[in-house]
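Data first, discussion second: the structure below is written as structure tokens.
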Amino acid sequence: MTDPVGKLPSELDQLPDRDPEETAEWAASLDAVTQAAGPHRAAYLMRRSLQHAEGAGLALPKLLETDYVNSIPTAAEPAFDGDLEMESRITAWNRWNAAAMVTRGARYGVGGHIATFASAAWLYETGFNHFFRGKEGDGSGDQLYIQGHASPGIYARAFLDGRLSEQQLDNFRQEAGGEGLPSYPHPRRLPWLWEFPTVSMGLGPLSAIYQARFNRYLANRNIKDTANSHVWAFLGDGEMDEPESTAALALASREQLDNLTFVINCNLQRLDGPVRANFRVVQELEAQFRGAGWNVVKTLWGNAWDELFQLDTTGALLRRLREVPDAQFQTYATRDIAYIREHFFGAEPALAELAKLLTDAKIGECFYTSRGGHEARKVYAAYKAAVEHKGAPTVILAQTVKGYTLGKGFESKNANHQMKKLSIDEFKGMRELLGLPIPDSAFEDGLVPYGHPGADSPEVRYLQERRAALGGPAPARRVHAVALPQPEERAFKALYKGSGKQEMATTMAFVRLVKDLMRDKETGKRWVPIVPDEARTFGMESLFPSAGIYSPLGQTYDPVDRDQLMYYKEAKDGQILNEGITEAGAMADFIAASTSYATHGETMIPFYIFYSMFGWQRTGDQMWQLADQLGKGFIVGATAGRTTLTGEGLQHADGHSHLIAATNPASLNYDPAFAYEVAVIVKDGLRRMYGPEAENVFYYLTVYNEPKPQPAMPEGVEEGIVKGLYRFKEGTPAKADAPRLQLLASGTAIHWALEAQELLAADWGVTADVWSATSWGELRRDALEADEALLRGEQQVPYVTQALSGAPGPVLAVSDWMRQVPDQISQWVEQDWSSLGTDGFGLSDTRAAARRHFGVDAQSIVVASLAQLARRGEVPASAVKEARERYGL
């Protein structure tokens, strides 16, 4: 056998052929089929052979793409476990009320989305009636990640179920009065219904994967039996463009998360037009998921297509479906039959002959409405296949028509995502199509009416019976909060005592504290340490052998550092989630763990530690998702500040995360200077988040990698640490009339302030009091609350104003952050205010050189202090110039 000209070498050329003659016979057979029956027949036989080999368990590369047909043929569909006619009526009511709610809301200009749910109605209804477990049965129920733009349909079903009233539907997107419905799934706004926020597209898929993984984590650590919990993520095909949507596909298959199903609504449209105008998104997604190791179920065509496939004896129809781009197929759904006959079936003679056997009505049914995602039996078959598949997660690619049943003005139109209402005539047409008993008189006031068959109707009884059998209403959020006992005091006391002459960075102080807290008999097992790969950077390697790194397989290898004390230990019941280089994945872990108190009724205490630059800046959207989902825990920006990790340069130098964090109302942000402050803040955080009066907040702490001697905690400073400010070291005046000022510093900057305090006294006769500002953000939050109280006629003085009341001289604030961070509180400080900070880009150099560059070192603080005093006439103006020259500034 002669190789084709130009044939590229392959991996097979490296393997010995034990029977070249047999190999030649197989190749000759393929050539013969190609010559006798054509290349299409030969390709078909090859695909069938590969499918057969895969089914037989032969170790061959998997097909990444199959024909553009349903994975489950009609003949192989399981029996439908329900009353299809009844479910059709329920779905019709839900379609109507979803469209009515958005249209009525358009009177007030609040908008809403109609077309998404219209295309996906059966994808949800089939799940609610047959698959989605509620929280009133055994276990935790299923976790449902609802596509954000489909929320009107979920509200419509809750209305039919009696969980929402007409008045609430009329308050869709009108929340200010407290009785409205949020636009999208927002747990913070509607916490009894929504569990998971999903409308920041791409975060839903990512979070669903890590939620399914966290379910296994809880089970493997013997905290909660999650065997009956399944995670369902409903996604749009356009949403899959987001990098986060596919970021963790390999993780899901690697860990065999068969408790996870993605349902992708492939209506071929995104917000402004086709998802893949010149390509085929279904085939692209199939290849992507198959390549990542997922089980793929395609549900593309409705029953009307069965006749066409039976008539396709030459394979011409399959070939045509493989080559028509999505934008063209969308066009077919909007054009007349003559156009379809010419442009689809006229592509080759075999198709033209097939079309002669089809009536116009049959072609119209196939191209206008008959999609797998619109037929309950086909959706049911796909879901059943998904939950029964073992060893890998499943993705269901369900093809639909965007705007289905909303009329020709909506269906498959590029603009339908932005279309917010139907006319009365369009509603009447929809009524006829859905067969709903809504009389013309119901429209007399010019508004489309809501429809309801009655609380005791067969439809509502059927719906409620189905939900009762599956464990109660869904979606639903339930909180069975059980306050955790406070840990024993000795873990905190170790940091209260200080480190004596030994130097210790606050990063290490935090890790040491948590390590001790993880030994607590009552709450130790509830800590969830999360780190994106660099545990050793943060001194966490000591946790490896004691807590173990979570792996569902345990440790199947002999670790290279097995002879060392702190060896790399993986375990099936490991406590640490060491995620590799993925801050987004680690943050998704944190969200799952931080909301387990609601999702599973099991309170966990996650702490996620990371380079501070790669937290709020890199995954800030997930921090908002965390706030929306009412998560609790500690996120820790380590190696914080713009001048403490100077060797890493511009991209690693964080001088702004506290500014970004300040924008999030649920985040309590602290920048502790000393180990004892870390201990006080963590202790108070455990009380606020996990005590009897638990709050829906989370903590952001910045800690530093700069070793310093840690002082013992002074008496009576706990309240100031928590509230954000206390006087750490009062200056001693050299004489009674010595000029005086107040130095406010946070984090590592307090050491520069203390050095400046000494220089001011020794070189310039100036007395400075040094204050530790543990939280600029909490000081501002308290001050804003005081301002709000004034609007209510209540007199309330901000804490920062009280704390500094009567303190002599001006105030100079300094930190390792941009000046905007301390400047947050300037308007509530009665004294003259000035600040120093690290504005600008970071750079690589020594810490001392970087601090001199930004003008925040001790000598720069002295010069700035003298400048403030000179403006007040309390020191000669010449002192500023003299100081600059003395210190080389």
- Under 30°, 30 to 60°, or over 60°: which ring-plane class applies to H130 and Y380, parallel, tilted or perpendicular? perpendicular
- Query: Is there a donor-acceptor contact under 3.5 Å from the side chain of T126 to the main chain of L123?
  - Reply: no
- Message: Please check this pair: side chain of S594 against backbone of I591, looking for a donor-acceptor N/O pair closer than 3.5 Å.
- Response: yes
- Within residues 223-246 or reaching into it, pairs that qualify as ring-ring contact (aromatic ring centres under 6.0 Å, His included) - sequence neighbours excluded: Y124-F234, F132-W232, F132-F234, H230-W232, W232-Y383
- Task: Indicate yes or no for a side-chain donor-acceptor contact from T394 to the backbone of T261 under 3.5 Å, with no hydrogens or angles considered.
- Result: no
- Message: Can a donor-acceptor pair be found, under 3.5 Å and without considering hydrogens, that links the side chain of D561 to the backbone of Y568?
- Response: yes
- Backbone N/O of Q575 and side chain of Y217: donor-acceptor pair under 3.5 Å: yes
- Item | Main-chain N/O of Y68 paired with W301 side-chain donor or acceptor, under 3.5 Å | yes
- Item | Salt bridge present between E77 and K378 (N-O < 4.0 angstrom) | yes
- Message: Taking the cut-offs as 6.0 angstrom to the six-membered ring centre and 45 degrees off its axis, would you call R213 and Y210 a cation-pi pair?
- Response: no
- Determine, for R133 against D142, whether the closest basic-nitrogen to carboxylate-oxygen distance falls under 4.0 angstrom. yes
- Message: For E323, is the CD atom crowded, meaning more than 12 foreign heavy atoms sit under 6.0 Å from it?
- Response: yes
- Message: Is it the case that the side chain of D312 and the backbone of L317 share a donor-acceptor pair, with hydrogens and angles ignored and the cut-off at 3.5 Å?
- Response: yes
- Item | Whether E648 side chain and S844 backbone form a donor-acceptor pair below 3.5 Å | no
- Message: If the condition is side-chain hydrogen bond (donor to acceptor under 3.5 Å, both in side chains), which residues does T537 pass it with, not counting sequence neighbours?
- Response: E534
- Query: Is it true that D67 and R322 have a side-chain N and a carboxylate O under 4.0 angstrom from each other?
  - Reply: yes
- Query: Is any NZ, NE, NH1 or NH2 atom of the basic residue among D81 and K384 found under 4.0 Å from an Asp or Glu carboxylate oxygen of the other?
  - Reply: no
- F344 and F367: CA distance, side-chain angles, deciding distance, ring-ring contact (aromatic ring centres under 6.0 Å, His included) verdict: CA-CA 10 Å; F344 182 84; F367 282 81; 5.0 Å; yes
- Between N215 and Q211, is any side-chain donor less than 3.5 angstrom from a side-chain acceptor? yes
- Could you tell me whether the side chain of R221 and the main chain of K525 form a donor-acceptor pair under 3.5 Å? yes
- Shortest non-hydrogen contact from T582 to P532? O-CB, 4.1 Å
- Donor-acceptor under 3.5 Å (K390 side chain, D258 main chain): no
